[in-house]
**Q** 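Quick one: structure below, then a few questions.
Predicted model, so just to flag it, every value in this text is computed and none were measured.
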Amino acid sequence: MDNNDLGNLKLLECNSQVAELQTILRDKNTTRSDFKFYADRLIRLVIEESLNQLPYTHCDVETPTGAIYEGLKYRSGNCGVSIIRSGEAMEQGLRDCCRSIRIGKILVESDANTHEARVVYARFPDDIGSRQVLLMYPIMSTGNTVLQAVNVLREHGVPESCIILSNLFCTPMAVRTVVNAFPKLKILTSELHPVAPNHFGQKYFGTD
């Protein structure tokens, strides 16, 4: 995919640590215990960078010594929304960074015959339309599930520009699908690769 077609996609800096985590998660010989440990590490890095994409505003605080410090704070309320089930793997990483953050959930299922995605369950904070939303979904192969989730968020009053997709692995096809449908949505991922590790959810939750 040409860089000019990436829209609001941001890739996590691919340093040696990130590359090692990606390698471990793709290795078929990685035990479930190690998989979860290293997945949580990569999730934390992605969540931290996702938080950097949120809007901030300047604020002054007084230090214990009486000095005034010119700092930053979040500009408005934030919340997380996980796409069940794999997205729930990212919830603890978000809570570790934001202790009291509200987290909603969306369940999207695909028809066994047509593979068409549809939302069967959604639960959000009542005021989600006035919040910045971190949409959590670790593996994006086609983008269809994310399209349905974003449509539901928009139906609940969330502007497209206020949604950040926090993702671990996605394919170029999936990015193209989502960017074409929602050009104002922000996407933060650790890797673009034609083959996504679709075993993630089963391995993480021990259902493989």
**Q** Would you check, one step at a time, whether the test salt bridge (charged side-chain N to carboxylate O under 4.0 Å, His left out) holds for Lys186 with Glu160?
**A** CA-CA 9 Å; Lys186 303 178 186 70; Glu160 180 182 320; over 6 Å; no

**Q** Minimum heavy-atom separation for Pro159 to Gly129, with atom names?
**A**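 Distance-wise, the nearest heavy atoms are CD-O, 3.9 Å.
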
**Q** Would you say that Met136 contacts Ile47 through its side chain, given a criterion of any heavy-atom pair below 4.5 Å between the two side chains?
**A**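 Yes, side chains in contact.
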
**Q** Considering only NZ, NE, NH1 and NH2 on the basic side and carboxylate oxygens on the acidic side, decide whether Arg26 and Glu191 come within less than 4.0 Å.
**A**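 Salt bridge between Arg26 and Glu191, a charged N being under 4.0 Å from a carboxylate O: yes.
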
**Q** Would you call Asp40 and Gln92 a side-chain contact if the rule is heavy atoms closer than 4.5 Å?
**A**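 Contact flag for Asp40/Gln92 side chains = no.
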
**Q** Within the structure provided, determine whether Ser130 and Ile128 are in side-chain contact (heavy-atom separation under 4.5 Å).
**A**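 In short, these two side chains do not touch, never coming nearer than 4.5 Å.
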
**Q** Could you pull out the closest heavy-atom pair between Cys98 and Tyr74, with the gap in Å?
**A**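 Between these two residues, the closest heavy atoms are SG-OH, 4.2 Å.
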
**Q** Can you confirm if the aromatic rings of Phe35 and His199 lie within a centre distance of less than 6.0 Å?
**A**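 Under 6.0 Å, so yes.
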
**Q** Using a 3.5 Å distance criterion without hydrogens, assess whether the side chain of Asn8 forms a donor-acceptor pair with backbone atoms of Pro183.
**A**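 Flag set: sc Asn8 to bb Pro183 pair under 3.5 Å.
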
**Q** For Val175 and Cys170, work out which heavy atoms get closest and say how close.
**A**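 The answer is CG2-SG, 3.4 Å.
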
**Q** Do Asn167 and Leu135 come within less than 4.5 Å of each other through their side chains, counting heavy atoms only?
**A**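 Not touching, per the 4.5 Å side-chain cut-off.
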
**Q** Please check this pair: side chain of Gln22 against backbone of Ser190, looking for a donor-acceptor N/O pair closer than 3.5 Å.
**A**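 It does hold such a pair.
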
**Q** Is the CG atom of Asp126 crowded by more than 12 outside heavy atoms at less than 6.0 Å?
**A**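 12 or below, so no.
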
**Q** So, the side chain of Thr63 versus the backbone of Ala67: is there a donor-acceptor pair under 3.5 Å, distance only?
**A**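 Between the backbone of Ala67 and the side chain of Thr63 there is a qualifying donor-acceptor contact (under 3.5 Å).
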
**Q** Under 3.5 Å, is there a donor on one side chain and an acceptor on the other for Asn144 and Thr177?
**A**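 On atom types as modelled, these side chains do not qualify, holding no pair under 3.5 Å.
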
**Q** At their closest point, which heavy atom of Arg131 faces which heavy atom of Pro125, and how far apart are they?
**A**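 Where Arg131 meets Pro125 most closely, the heavy atoms are NE-CB, 4.1 Å.
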
**Q** For Lys184, give me all partners under salt bridge (Lys or Arg N to Asp or Glu O under 4.0 Å), at least two apart in sequence or on another chain.
**A**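 Lys184: no salt bridge (Lys or Arg N to Asp or Glu O under 4.0 Å) contacts found.
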
**Q** Taking only residues two or more places apart in sequence, or in another chain, which ones meet Asp96 in a salt bridge (Lys or Arg N to Asp or Glu O under 4.0 Å)?
**A**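 With neighbours one apart ignored, the set is empty.
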
**Q** Looking only at side-chain N and O atoms, does Thr31 offer a donor or acceptor that is under 3.5 Å from a partner on Ser33?
**A**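 Looking only at side-chain atoms, Thr31 and Ser33 do not form any donor-acceptor pair under 3.5 Å.
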
**Q** A side-chain contact here means heavy atoms from C-beta on lying under 4.5 Å apart; do Phe169 and Leu25 qualify?
**A**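 When only atoms from C-beta onward are counted, Leu25 and Phe169 do touch, with a gap below 4.5 Å.
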
**Q** Quick one: does Arg85's side chain have a donor or acceptor within less than 3.5 Å of a partner on Gly201's backbone?
**A**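 The answer is no, because no donor-acceptor pair under 3.5 Å joins these two groups.
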
**Q** Determine the minimum heavy-atom distance between Lys203 and Thr30, stating which atoms define it.
**A**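 Minimum heavy-atom separation between Lys203 and Thr30: NZ-O, 2.7 Å.
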
**Q** So, do Cys97 and Leu51 sit near enough that their side-chain heavy atoms are less than 4.5 Å apart?
**A**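 Counting from C-beta outward, Cys97 and Leu51 do come under 4.5 Å.
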
**Q** For the atom pair CG (Leu134) and OG (Ser82), what is the distance rounded to the nearest 0.5 Å?
**A**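 The CG atom of Leu134 sits 11.5 Å away from the OG atom of Ser82.
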
**Q** Could you tell me whether the side chain of Asp27 and the main chain of Thr23 form a donor-acceptor pair under 3.5 Å?
**A**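 Such a contact is absent between Asp27 side chain and Thr23 backbone.
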
**Q** Do the non-hydrogen side-chain atoms of Ile103 and Leu94 ever get within less than 4.5 Å of each other?
**A**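 When only atoms from C-beta onward are counted, Leu94 and Ile103 do touch, with a gap below 4.5 Å.
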
**Q** In a check of side chain to side chain contact (heavy atoms under 4.5 Å, CB included) between Tyr137 and each of Leu168, Ile106, Leu165, Val108, which one passes?
**A**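 The option that passes is Leu165.
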
**Q** With a 4.5 Å cut-off on side-chain heavy-atom distances among I, L, V, M, F, W and Y, is there a chain of contacts connecting Leu12 to Ile24?
**A**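 Shared cluster, yes.
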
**Q** Would you mind reporting whether Phe182 and Val146 have side-chain heavy atoms less than 4.5 Å apart?
**A**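 Contact flag for Val146/Phe182 side chains = no.
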
